[in-house]
Novice: 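So that we are looking at the same thing, I have put the structure below in structure tokens.
Lettering of chains follows the sequences in order, A, B, ..., and the numbering in each one begins at 1.
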Amino acid sequence: MNTIVVAQLQRQFQDYMVSLYQQGYLDNQFTELRKLQDEGSPDFVAEVVSLFFDDCAKLINDMSISLERPDHVDFKQVDSGVHQLKGSSSSVGARRVKNVCIAFKECCDVQNREGCLRCLQQVDYEYKMLKTKLQDLFNLEQQILQAGGTIPQVDIN
Amino acid sequence: MVCEMETDQIEEMDVEVLSSMWPEDVGTEADKQFNVEKPAGDLDTLKEVTIEEKPTIADLTRLPDLLNSTHQGTSQLTNLVKQWEYMQDNAVRLLREELKILNRQREEAEAKELKIIEDYKFESNEPENVPVLDETSDLFRKFRQKKRDALVDSKRIEIDEEFDTVAYWKQKALSLEKMLEASTERERRLVEKLHESLKTMESHAAPVQELTQNLNRAEGFLHFILQNAPIVMGHQDKDLRYLFIYNKYPSLREQDILGKTDVEIFHGGGVKESEDFKREVLEKGKASKREITFTTDLFGSKTFLIYVEPVYNKAGEKIGINYMGMEVTDQVVKREKMAKLREDNAVRKAMESELNKTIHITEETMRAKEMLATMSHEIRSPLSGVVGMAEILSTTKLDKEQRQLLNVMISSGDLVLQLINDILDLSKVESGVMKLEATKFRPREVVKHVLQTAAASLKKSLTLEGNITDDVPIEVVGDVLRIRQILTNLISNAIKFTHDGHVGIKLQVISEPSFARDNALNADAEVDNGLTETSVWIRCDVYDTGIGIPENALPCLFKKYMQASADHARKYGGTGLGLAICKQLVELMGGQLTVTSRVNEGSTFTFILPYKVATSDDYSDDQDEFSDMTDHQSEPDDTTEGYFQFKPLLGSIYSNGGPVIGNGFLPHKVMLTTSPIKLINGFVADHSNNTGQSEMVQVENGGYVDETKLETSSGHCPESAHQYENGNGRCFSKESESCSSSQASSEGGTLEMESELTVSSQREEEKAETNLTEPSKPKILLVEDNKINIMVAKSMMKQLGHTMDIANNGVEAINAINRSSYDLVLMDVCMPVLDGLKATRLIRSYEESGNWNAAIEAGVDKEILENEQVCVRSTNRLPIIAMTANTLAESSEECYANGMDSFISKPVTLQKLRECLQQYLH
């Protein structure tokens, strides 16, 4: 009984994981992160990711404040925010966020406020999206562990 | 003047006489030309005019002969005769016409006379009383009428008197008498004129005189034309003896020329040729032209355009040639110059187009190379991921078959990685990006390490040996990385192609090789005298007892992608780039790589390189240097040991056949304990606490000493000592699992033995005991502002068995480096406060100058820097690895330009980090 549930959950987890890669939410760097997770640090991925999302919220907030006033945009500050965000997203393998950040940076370089705002919205949307997705993923993981199973290896490609 | 006289004559001439031969007004025009065009300075030539006969040298006795016997002569004479005849004809015709007129006039006069007589006869008769049937009268009437019409006009005899009176007749008689008188007078005049005409005819009738005149004219004209013409004309008989010659500037006298041949007259180049040419014309009977250059004593080197035509007599037999020459030396020179210019132009154009082509090809090649490099770089990252994951996979529990498959996968991946690295290396060397570094190193150590590394992964029963002669300096300056790369490459090649026997490296000092002496005359090559800054040439032989290389394969051995034969390529694998890279590297360093080999007996690869000998002053602080250099090595090296041997060891370690990673720092992997992170800037990653392990505090310099003491006192296995020291036994098994399978299968302690120096292990331990600065592990500093990046990198480092210090920006990094000694710095490029490039520059400046002045100038806190002068500093170059977000080439260029040693493109992966550590932590 329990093993069937575990198997189901495991398959679900695998499918979900694959779909996240296929839909471009994640890339190989996330795999790298998962490699770093071991008995020594069982929640490593979740920790890093939650740190990342906190970072996102804070940076996006800062940037939206910077971009608020149409005539007085501190692009330098926005740029540093985008840079941070890009580095972080690249580090955790949040592919979509990273891609938006690349576009964001370009807008920032040419001091295009409209473009920046658009990118900001997009980045906000993408990171929240990813956050929900990953929360689902971690929930699944928890369920598997609670059911006494092990987190399966996921073969991306 | 002759010419004037001539022209007068010509003008006087009747048109029809000479029009066929000479233009009517040529004289006057030529005269004008003559006057206008004669340059003022050329008055000398005017004088020439007077010597009309001089230029011609003719055999007078034979000239008439010639004229009579040749066609040319005949035709000219005929022409003249014809002209004369024509002229005579004309005169006769004119005379005849005149005669005719005179006759007619006479007839008329007679008729008139007759009429007058008649008139007298029929004085009384009526004029109407003319007998109608009388023919003569009829004729007379007609004639009279005609006559009246034609000659006497309408002059009527006007008689005022009455008809048939005496007076009337008297009057008539008188008038008739008058008319008769007039007629008689006319007749007399006509007769006079006739006589006159006859006289003039007589004067014209002298043909010889006429001919002479014409001839004179012709000759005069010829002179006029030819007097300034730079031509030589002549006639030569069948034997090519001159009979006639005309030369504008005669340099020889008559008797020197006439009756002689060219060969008899001249000597020098061209004479024979012209003679042959004349003879050829004579034989062929066809006029032709040729350019001949004469080089004679008489008039130097001159080119003549020569026209030669054969001359026939009336019977059609050749009797000689006419010859005309014109000097064209200047023209020929000009023409040759032009030709040369044109040729040069053509050559230049061809060269230009060739150059353009080359440039084009070069550009294409460069582009292709760039693309190859970029592609290789792009391929490397994902591939590293594949291989890395496979390696991690190999540490999990696998059955035998899975493991075998995985091993194949890893070795294939490694091969591709190697290939790509090779390509990148090659393109770096070729594009000149590869920069050589000058660092102090110990050749003995390098040789030992290379052999050690090779021995560790050795799967054959081979003896590896190193032999270094005593005269090789203990320390030399060179690019140790590259030299190590070359040695490793050659050794692995040797091992690959050797199945039993031994493989070794031999180092010896040699005198400066001839190729270097030719190249670098400025290089001061005083070998072996121990002076400061002298260079020494070291010959390094890498020999084996392997399969050898057939002679015919030797030439292409160092070519890219070439192996001795396709067979070998299949059997032994490999990229075929290794030797090409070695050769390029050696040449880049100013040396030479050669090979000698005998099939089935072995090969010897020899490279000769120049090294700077470290200055003798340096020996004083040698110990410090040494300790710093080796502070991350598991065992200290003997600085003077000249012989190493690694005997074959076939323990269980090889049975798995797994790849052996990072033998250079095996002990570090094993000794990793927890995640001891010293945070410099207050950022504390709390996840390490989750593991429940105690956090190790940053070990300061003093700490090293104690630790090492503990280590060394615990016996011959420092690693295990280290583990005990950290009090964490559990960690060992875990960490060894994360290392390669070969390590996992053996105990940490025995592992060292297997790849250990059999000769000097005992000595080294003694050394370790005495050398108290022996550290426990390499110190790494991560300079990164992004918390998440820090977290990830730290975690990866932990997995690789290292701990790291963290600095959040360049200033913190400088402070950290000032405070303690690091073996490696990972530096983010883009950071707030002070970015990675600037920070690196400042660190390099510190390494060079020994002070932080540059940093202080740049605004880094002075207090902090000055307060921290206590620690013992290494002046060794600190490896700084950039971490760049963009993998574009210019970014890496920038990194190198700012003094960084290498770069890792972000995001950082386990594999990239591993490679980096492998390269920079020895």
Novice: So which part of A/L36 gets closer than 4.5 Å to some heavy atom of chain B, the side chain, the backbone, both or neither?
Specialist: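 For A/L36, backbone and side chain are both near chain B.
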Novice: Measure distances from A/S80 to the heavy atoms of chain B and classify the residue's part below 4.5 Å as side chain, backbone, both or neither.
Specialist: neither
Novice: Looking only at non-hydrogen atoms, find the nearest pair between A/V48 and B/M791 and report the distance.
Specialist: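 Looks like CG2-CE, 3.3 Å.
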Novice: Spell out, as yes or no, whether a donor-acceptor pair under 3.5 Å connects the side chain of A/E32 to the backbone of B/L910.
Specialist: yes
Novice: Looking only at heavy atoms, what is the nearest atom pair of A/F44 and B/V792, with distance?
Specialist: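 Closest pair (atom of A/F44, atom of B/V792, distance): CZ-CA, 4.1 Å.
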Novice: Please tell me if the side chains of B/D785 and A/Q84 come closer than 4.5 Å, counting only heavy atoms from C-beta onward.
Specialist: yes
Novice: Take atom CZ of A/R96 as the centre, draw a 6.0 Å sphere, and report whether it contains more than 12 heavy atoms from other residues, nucleotides or ligands.
Specialist: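 For A/R96, atom CZ is crowded (more than 12 foreign heavy atoms under 6.0 Å).
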Novice: Please report the interatomic distance CE(B/M883) to OG(A/S91), rounded to the nearest 0.5 Å.
Specialist: 8.5 Å
Novice: Does atom OH of A/Y16 have more than 12 heavy-atom neighbours from other groups under 6.0 Å away?
Specialist: yes
Novice: Give a yes or no on this: more than 12 heavy atoms of other residues, nucleotides or ligands lie within 6.0 Å of atom NZ of A/K35.
Specialist: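 Counting neighbours around NZ of A/K35, more than 12 heavy atoms of other residues, nucleotides or ligands fall under 6.0 Å, so yes.
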Novice: Do any N or O atoms from the side chain of B/Q799 and from the backbone of A/Q37 form a donor-acceptor pair under 3.5 angstrom?
Specialist: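 Not confirmed, B/Q799 side chain does not pair with A/Q37 backbone.
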Novice: Over all heavy atoms of both residues, which pair between A/G87 and B/N789 is shortest? Give the atoms and the distance, please.
Specialist: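 So the minimum-distance heavy-atom pair works out to O-OD1, 3.1 Å.
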Novice: Quick check for you: to the nearest 0.5 Å, what is the distance between A/D55 atom CG and B/K787 atom NZ?
Specialist: 4.5 Å
